[in-house]
> 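Quick one: the structure is below, and I'll ask about it shortly.
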Amino acid sequence: MTDDRLEIAGRAFRSRLWVGTGKYKDFAETKKAIDAAGADVVTVAVRRVNITDRNTENLLDYIDPKQYTILPNTAGCYTVEDALRYARLARAAGVSDLVKLEVIGDERTLFPDTAGLIEAAKTLVKEGFIVLPYTNDDPIVAQKLVDVGCPAVMPLAAPIGSGLGIRNPYNLKIILETINVPIIVDAGVGTASDAALAMEYGADAVLMNTAIAGANNPIMMAEAMKLGIEAGRLAYKAGRIPRKLYATASTTIEGML
Amino acid sequence: MDIQVNGASRTLQDGLTVTDLLQLLDIRTEQVAVELNLKILDRADFPTSILNHGDTVEILSFIGGGAESPLHPHAYINTQDSIFDYD
C-alpha cells in the first residue's frame with residue numbers, strides 16, 4: 001500500500017488513520033498511541049498557556065511537528081467569531097495553515113452548526129487557510145463546503161465520543177458518491193469494525209480520538225484501528241462481491257459420484 | 001503598570017515588550033500565539049510590541065484535543081428506556 005497515499009491540497013499523507021490527542025493519561029501515552037496507530041496527522045486544540053505552573057510539559061515536545069502533520073482544531077467553539085479567532089490563533093502559533101474547523105451547535109449532541117460552519121469556512125479559505133470542516137452526514141452541506149473552497153470534508157459517523165459507529169451509512173454513501181474531494185469520517189466510531197466499514201464504503205480516511213483514548217488499553221486499540229483501516233481500505237480497493245439472497249456453490253459438482 | 005495576562009491581573013514595570021513578558025513567564029516563543037487587546041500579533045512583532053497599563057494579553061498554545069468531549073450529563077443514552085444497543 002506504499003503508493004496508496006491520500007492527497008489533500010497538494011499534501012500527501014501516508015496513513016489513513018488520523019488521531020486526536022485528547023483524553024490520554026499523559027503525553028507519553030499519547031505518543032505511544034499515535035505511533036501504534038501509525039498516524040501521521042494529529043489533531044490538537046488551542047488553549048491558554050498555564051502561566052502559574054511553568055513545569056507543565058508541552059504536547060509538541062512529544063509530537064514533533066517535523067515528523068507529524070499537526071492539525072489544530074477549533075473544538076469548543078459555538079460561534080463563527082470564536083471559530084475564526086481560534087483558527088487564526090492556531091495559525092499564529094506557527095505550525096501550519098491547516099485547520100480542522102468545528103462550529104458546534106449544541107452541547108448535548110455536539111452536532112455542528114452547519115450554517116455557521118459554511119460561513120466560517122468561507123472566511124478562512126479567503127484568508128488562505130486549508131479548511132477541513134467537521135460536518136454532519138448531510139450531502140448538501142458537504143457540497144456547500146466544497147463550493148466555498150474546502151479541499152476535504154469530514155462528516156461525522158455519530159456524535160463525538162459516542163462510539164455508536166456509522167449511524168447513517170446511506171447518507172455517507174451518497175456523500176462518497178457525490179462529493180469530489182477526499183472524505184474523512186470524523187467522530188463517532190467505537191471499535192475497529194466501525195473504522196473498517198467506513199473504509200470499505202470508500203472513505204478516504206477516518207479521524208478518531210475517544211475510541212482509542214477511552215479504550216481499556218489505548219495502545220492496543222490504536223493498533224486494532226490501524227489494522228481495521230488497512231483491512232477496510234484493501235477490501236474497498238479489491239472490490240467486494242455483490243450481496244445475493246440465495247447461495248452460489250463455490251465447489252463444483254463435476255466429478256461427484 | 002497593571003495588565004491582564006490569561007485572565008489574571010499582574011503588576012509589571014513600565015515599558016516591557018511582549019518578548020520581555022514571555023521571558024519573564026518562562027515561556028518559549030515558538031509555538032505560542034499572543035493576542036494583545038484582541039489583536040493577534042505576528043511573532044516578528046513580539047520584540048517591538050510594548051505593553052501599556054490596562055492591556056489584556058492572551059498567550060495560547062497547543063494542548064491535547066480531538067474534538068470536544070461529551071461532558072454534558074445528558075450526552076449519554078438513558079439505559080432504562082432506550083431501544084439502542086449500547087453499554
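Chain letters run A, B, ... following the sequence lines, proteins first, then strands; residues in each count from 1. Values below: every heavy atom of this structure, side chains too, minus hydrogens, waters and symmetry copies.
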> Roughly how far, to the nearest 0.5 Å, is the OG atom of B:Ser61 from the CG atom of A:Leu60?
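Here the interatomic distance stands at 6.5 Å.
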> I'd like to know whether CE of B:Met1 has more than 12 heavy-atom contacts from other residues, nucleotides or ligands below 6.0 angstrom.
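More than 12 within 6.0 Å, yes.
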> Can you give me the closest heavy-atom contact between B:Ile40 and A:Arg88, atom names plus distance?
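Smallest heavy-atom distance, with atoms named: CD1-CB, 3.4 Å.
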> Between A:Gly163, A:Ala90, A:Pro159, which has the largest tally of heavy atom pairs under 4.5 Å with chain B?
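Sorted descending by pairs with chain B, the first entry is A:Ala90.
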> Looking at CD of B:Gln31 and CG of A:Asp61, how far apart are the two atoms once the value is rounded to the nearest 0.5 Å?
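Taking CD in B:Gln31 and CG in A:Asp61, the distance rounds to 7.5 Å.
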> Show the nearest heavy-atom pair for residues A:Ala93 and B:Ala33, with the distance to one decimal.
N-CB, 3.8 Å
> Which pairs with one or both residues in residues 217-226 of chain A pass salt bridge (Lys or Arg N to Asp or Glu O under 4.0 Å), sequence neighbours excluded?
A:Lys226-A:Glu230
> Which heavy-atom pair separates A:Ile51 from B:Ile27 by the least distance, and what is that distance?
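Taking A:Ile51 first and B:Ile27 second, the nearest heavy atoms are CG2-CD1, 3.7 Å.
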> Would you check if B:Leu60 and A:Val49 make a side-chain contact, meaning some heavy-atom pair closer than 4.5 Å?
no
> With rounding to the nearest 0.5 angstrom, report the CZ to CD1 distance, B:Phe62 to A:Ile63.
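If we round to the nearest 0.5 Å, B:Phe62:CZ and A:Ile63:CD1 are 11.5 Å apart.
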> Examine distances only and state if a side-chain atom of A:Arg48 and a backbone atom of B:Ile59 form a donor-acceptor pair shorter than 3.5 Å.
no
> At a 4.5 Å cut-off on heavy atoms, which part of A:Arg85 comes close to chain B: side chain, backbone, both, or neither?
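For A:Arg85, the contact with chain B is made by backbone and side chain together.
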